[in-house]
K.L.:
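Please see the structure below; I have some questions.
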Amino acid sequence: MKRITQPLQVFLAIKMLGLHEGLLDSDRRVAILLLEHYNRRTGRCDPSIERLAKLLGLSERTIMRSIVRLVRLKLFVKVRHGGYSNRNRYEPNWSLFDDLRTRWKKRFSERSRSTRESSVASQPSHLPSDARVTQTYSSNQLKQTYLGGSANKEKVAHPSKTLGQPSNEASRVAAQRRWDHDLLQHFRNTANEYACAVEVIDKALAEQASDAELQRRGAGLELILRSIASKLDGAGT
């Protein structure tokens with residue numbers, strides 16, 4: 001018997017889409033609308049591209065690009081011609097949504113603990129009456145709490161300089177966005193060719209393109225175009 005998806009599970013999936021760092025605004029809207037079409041009892045989810053475009057006020061090309069990204073990120077599984085009237089069917093990846101929620105709860109908990117105590121150390125100083133007070137801000141120039149500015153010459157690191165560098169995952173997401181945008185611009189006047197190009201890009205090619213883009217700006221698109229040309233040449237022989 002098919003398991004019935006609970007309303008809370010759909011709600012939490014929408015929450016994870018809102019927090020996902022690798023999605024464009026259009027991707028989130030398309031994903032949420034797919035969840036809106038998802039039948040929790042039957043598992044049916046097969047809205048047409050035209051319907052999605054009309055409901056969101058977006059172009060069909062934008063809908064297609066967003067679906068490609070959602071599938072590439074494994075948030076949804078697309079079953080070609082598996083739905084009603086031979087339309088594509090979309091299956092939310094519930095296990096991934098659960099995993100994202102678990103990771104987010106862990107991250108949220110760790111960040112919460114790290115901010116309970118201030119990272120700025122207090123600095124002892126004296127009033128003219130020699131009464132001891134606590135200097136909490138190094139740039140406070142009031143004479144009563146910072147005599148001649150000589151109480152403490154230590155510099156406090158600016159918060160922006162202590163933040164960690166972007167993670168590898170964030171860098172790869174940014175690289176993928178760049179070559180994805182470049183691909184769209186390359187085929188901006190030929191929608192059919194763009195659709196064919198998207199079909200050629202599988203997970204392995206997407207990973208290779210991101211690797212190339214990380215090495216050099218524009219290399220991701222170049223690799224994809226070479227792969228497409230190679231496959232077309234192979235098909236013609």
Side-chain angles (χ1 to χ4, degrees), residues 17 20-31 33-34 45-53 56 58-97 99-100 165-237:
L17 289 171
H20 201 294
E21 298 175 348
L23 297 176
L24 303 177
D25 180 62
S26 58
D27 301 340
R28 296 183 215 279
R29 296 177 65 196
V30 171
L33 189 53
L34 287 177
C45 179
D46 50 13
S48 67
I49 298 295
E50 181 182 7
R51 175 175 173 78
L52 295 174
L56 294 177
L58 300 172
S59 69
E60 293 186 12
R61 185 185 300 181
T62 298
I63 299 296
M64 291 169 59
R65 291 201 307 270
S66 290
I67 288 176
V68 167
R69 283 190 286 267
L70 292 171
V71 171
R72 189 179 295 148
L73 291 171
K74 300 182 180 179
L75 294 169
F76 287 82
V77 175
K78 183 175 75 171
V79 181
R80 290 177 60 82
H81 311 302
Y84 181 75
S85 296
N86 209 34
R87 292 195 295 260
N88 293 331
R89 177 164 56 89
Y90 306 97
E91 300 176 0
N93 188 346
W94 298 116
S95 61
L96 177 58
F97 282 121
D99 181 57
L100 290 174
Q165 295 298 318
S167 65
N168 290 335
E169 182 179 356
S171 298
R172 291 191 66 81
V173 168
Q176 180 176 309
R177 283 185 177 181
R178 290 199 299 272
W179 66 252
D180 190 47
H181 176 267
D182 291 346
L183 184 68
L184 173 62
Q185 292 302 309
H186 184 81
F187 291 107
R188 63 183 179 275
N189 296 321
T190 52
N192 290 336
E193 291 184 16
Y194 174 78
C196 292
V198 167
E199 291 295 331
V200 170
I201 304 174
D202 55 15
K203 179 182 177 182
L205 180 55
E207 292 291 335
Q208 293 171 14
S210 296
D211 290 337
E213 187 68 22
L214 284 170
Q215 297 296 320
R216 179 173 59 83
R217 179 71 172 87
L221 175 64
E222 295 172 6
L223 186 145
I224 288 175
L225 293 179
R226 288 198 302 269
S227 298
I228 293 173
S230 177
K231 290 187 177 183
L232 291 177
D233 290 341
T237 56

K.L.:
Identify the two heavy atoms, one from Leu214 and one from Ser171, that lie closest to each other, and give their separation to 0.1 Å.
P.N.:
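Smallest interatomic distance, heavy atoms only, reads CD2-O, 3.6 Å.
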K.L.:
Rounded to the nearest 0.5 Å, how far apart are CZ of Arg51 and CG of Leu56?
P.N.:
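Here the rounded value is 10.5 Å.
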K.L.:
Quick one: does any side-chain atom of Arg177 pair with a main-chain N or O of Leu23 as donor and acceptor, under 3.5 Å?
P.N.:
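Yes, the answer is positive, given that a donor and an acceptor are paired below the 3.5 Å cut-off.
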K.L.:
Leu34 and Tyr90: which non-hydrogen atoms are nearest, and at how many Å?
P.N.:
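Closest approach of Leu34 to Tyr90: CD2-CD1, 3.8 Å.
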K.L.:
Check whether any side-chain N or O of Arg172 sits under 3.5 Å from a backbone N or O of Ser210 as a donor-acceptor pair, and report yes or no.
P.N.:
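Not at all, since once roles are kept as given, no pair shorter than 3.5 Å links the two residues.
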K.L.:
Does Asp27 come within less than 4.0 Å of Arg72, counting only side-chain N to carboxylate O?
P.N.:
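Not counted as a salt bridge, because no side-chain N and carboxylate O are separated by less than 4.0 Å.
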K.L.:
How close do Leu223 and Ala212 get, counting heavy atoms only, and between which atoms?
P.N.:
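Closest heavy-atom pair between Leu223 and Ala212: CD1-CB, 4.2 Å.
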K.L.:
Report yes or no: does Glu213 contribute a side-chain atom to a donor-acceptor pair with the main-chain N or O of Gly218 at less than 3.5 Å?
P.N.:
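Yes: the side chain of Glu213 pairs with the backbone of Gly218.
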K.L.:
Contact between Leu75 and Asn93 at the side-chain level, heavy atoms closer than 4.5 Å - yes or no?
P.N.:
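No, too far: nothing below the 4.5 Å cut-off.
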K.L.:
Looking at side-chain heavy atoms only, is the closest gap between Leu73 and His20 below 4.5 Å?
P.N.:
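Side chain of Leu73 against side chain of His20, heavy atoms only: contact under 4.5 Å found.
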K.L.:
Search all heavy atoms of Val30 against all heavy atoms of Ser66 and return the closest pair with its distance.
P.N.:
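Here Val30 and Ser66 meet closest at CG2-CB, 3.8 Å.
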K.L.:
Rounded to the nearest 0.5 Å, what separates atom CD1 in Ile63 from atom CG in Leu58?
P.N.:
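Reported to 0.5 Å precision, the distance equals 4.5 Å.
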K.L.:
Would you mind telling me which of Thr62, Ile49, Asn88 makes a side-chain contact (heavy atoms from CB on, under 4.5 Å) with Ile67?
P.N.:
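Per the side-chain contact (heavy atoms from CB on, under 4.5 Å) rule, the option paired with Ile67 is Ile49, out of Thr62, Ile49, Asn88.
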K.L.:
If I take atom CZ from residue Arg69 and atom CZ from residue Arg28, how far apart are they, to the nearest 0.5 angstrom?
P.N.:
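It is 11.0 Å, given to the nearest 0.5 Å.
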K.L.:
Taking atom CD1 of Ile201 and atom CD of Gln208, what is their separation to the nearest 0.5 Å?
P.N.:
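CD of Gln208 is found 11.5 Å from CD1 of Ile201.
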K.L.:
Measure the spacing between CZ of Arg87 and SG of Cys45 and express it to the nearest 0.5 Å.
P.N.:
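It is 10.5 Å, given to the nearest 0.5 Å.
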K.L.:
How long is the span from the CZ atom in Arg226 to the CD atom in Glu222, to the nearest 0.5 Å?
P.N.:
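One finds 6.5 Å between CZ of Arg226 and CD of Glu222.
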